[in-house]
Amino acid sequence: MSLPRVPDVLVVGGGIIGLVTAWRAAQRGLATAVVDPEPGGGAAQVAAGMLAAVTELHYGEQTLLGLNLASARRYPDFAAELTELTGHDLGYRRCGTLAVALDADDRAHLRDLHALQRRSGLESEWLSGRDCRRLEPMLAPGVRGGLRADGDHQIDPRRLAHALVAACERTGVVFHRAWAERLTVVRDRATGCVLGDGTALGADRVVLAAGSRSGRFAGVPDDVLPPVRPVKGQVLRLTVPERYAPFLSRTVRAVVRGSHVYLVPRLSGELVVGATSEELGWDTTVTAGGVYQLLRDAHELVPGITELPLTETRAGLRPGSPDNAPLLGPTELDGLLLATGHYRNGVLLTPVTGDAMAHVLTTGELPDEARPFTPRRFRAATLTEQPA
Ligand code: GLY
């Protein structure tokens, strides 16, 4: 009788980041297992799925932009490969995005964003309010102008998660449908994890991909624990009845009184409206205030929204990091790697994360585009901090 093989890689967390890591690792011949009570769950069940490297650009995040663009470029092939392997339609829609301004302040903000996009070599076009409404007739008459970004697309994250579970199954990834309680460390090396029922799972390497929970995974030494925190986002789902279709033909977004609001129309008739951004720890309550804020802001952009059935309200937790960028690759603890901290860009960064993690797991080195995102960057910052 042969003993069961200890996997080369044990991925803690079966959200889209853990799943893509496992799938790509297994494709490269590594025996891979995933621990998660509900693979395919997590923040992807709430996310809108914007692939928005251009319209989600922020000052100070040009390094992250490079990774976002690298992943956006991979999306067509990634989606085609996943669909071919699993037969799943991912709702990948190359529909473009329109970011609009409702008042003079929003317009100035959008003009600044346009200048930053141009300096960063990104393609976007400034449109008058009238031209915005010509593209999207449901927009409010008060829209003062906008930015058209034809390269910012969307995918349905729930379908993506479902397809990644199927891809993992087809590629021989083993699933342990249970909670991982804590990491096991023997002689300064990560050796696996212990499940909620006390079962110990061994592995040559462990990848911590537990989203916002990564920052508090028991057993990880304090100086290695990733600085990842939960950032709550409330999201609404509405349905566009046939008689109103097409309600919107592309993603429409804006900053209204300092809050981001976006409307993501799916071909299925689903319209996703998001999202709040709240630093409230582990709270995932859907609040009257959150729903009110989203509907109020969305209504200012697209008044007809109040006619649509409201079919779902939900809150999820983004894994926020100190620089809003992910943590990818080896840690200071031998045998422990991270794939977490993707914050607002988890869906967009799924293809590049899978490739980078499979590369580092097979070669020991992060590929060039992922090197700036080593978890060690935070350790270096801590070690060079001077006492006051
Ligand atoms: N990327 C959209 C969000 O985090 O709300």
Side-chain angles (χ1 to χ4, degrees), residues 15-17 42-61 64-65 67-69 71-72 75 91-93 95-100 113 117 122 147 149 151-158 160-161 211-212 214 228-238 248 250-266 270-280 283-284 286-287 289-291 293-295 297-298 301 312-326 340-353:
I16 52 175
I17 294 300
Q45 292 298 317
V46 182
M50 290 179 297
L51 308 175
V54 178
T55 47
E56 287 236 350
L57 177 64
H58 297 285
Y59 281 101
E61 293 185 3
L64 176 59
L65 173 66
L67 194 68
N68 285 344
L69 289 173
S71 208
Y75 242 102
Y92 180 39
R93 197 173 170 200
C95 56
T97 295
L98 185 63
V100 299
L113 178 63
Q117 288 168 347
L122 300 173
L147 275 179
D152 277 3
H153 304 310
Q154 61 152 301
I155 198 162
D156 183 335
R158 292 177 177 175
L160 173 64
S212 53
S214 308
V228 171
R229 68 187 196 285
V231 182
K232 177 179 172 183
Q234 301 189 50
V235 174
L236 316 177
R237 283 175 163 80
L238 299 92
L248 295 173
R250 74 204 68 228
T251 295
V252 169
R253 56 185 303 153
V255 177
V256 182
R257 288 176 290 271
S259 303
H260 288 270
V261 64
Y262 44 79
L263 291 83
V264 182
R266 307 231 193 276
E270 183 176 79
L271 180 68
V272 185
V273 178
T276 63
S277 190
E278 303 164 75
E279 302 270 358
L280 288 174
D283 173 56
T284 52
V286 175
T287 63
V291 174
Q293 177 197 313
L294 291 171
L295 285 177
D297 294 350
L301 282 186
E312 192 184 314
T313 58
R314 201 152 162 184
L317 298 173
R318 306 175 183 89
S321 77
D323 58 6
N324 300 336
T340 189
H342 291 68
Y343 189 40
R344 301 182 72 94
N345 294 302
V347 180
L348 172 61
L349 290 173
T350 295
V352 81
T353 298

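In each ligand, atom 1 is the first atom listed, and ligand 1 is the first ligand listed. Index from 1, following the sequence.
Short contacts between ligand 1 and Ala275, defined as distances under 4.0 Å to a heavy atom of the residue, involve ligand atoms 5 (O). Atoms of ligand 1 found under 4.0 Å from any heavy atom of Glu56, numbered from 1 in the order shown, are 1 (N), 2 (C). Atoms of ligand 1 lying under 4.0 Å from any heavy atom of Tyr262, numbered from 1 in the order shown and given with element: 2 (C), 3 (C), 5 (O). Of all the atoms in ligand 1, the ones that sit under 4.0 Å from a non-hydrogen atom of Met50 are 2 (C).
Remark: side-chain polar atoms of Thr313 are not paired, donor with acceptor, to backbone N or O of Leu236 under 3.5 angstrom. In this structure, Asp152 contributes its side chain and Ala53 its backbone to a donor-acceptor pair below 3.5 Å. For the pair Arg314 (side chain) and Val235 (backbone), a donor-acceptor distance under 3.5 Å is absent. A donor-acceptor pair under 3.5 Å is absent between the side-chain atoms of Gln117 and the main chain of Leu57, judged by distance alone.
In Tyr343, neither the side chain nor the backbone holds a heavy atom less than 4.0 Å from any atom of ligand 1. Of the heavy atoms in Arg318, only side-chain atoms (C-beta onward) come closer than 4.0 Å to ligand 1.
At under 3.5 Å, a nitrogen or oxygen of Arg344, whether backbone or side chain, sits near a nitrogen or oxygen of ligand 1.
Distance CG/Asn68 to CD/Glu61: 8.5 Å, rounded to 0.5 Å.
With salt bridges taken as basic N to acidic carboxylate O contacts below 4.0 Å, none links Arg93 and Glu270.
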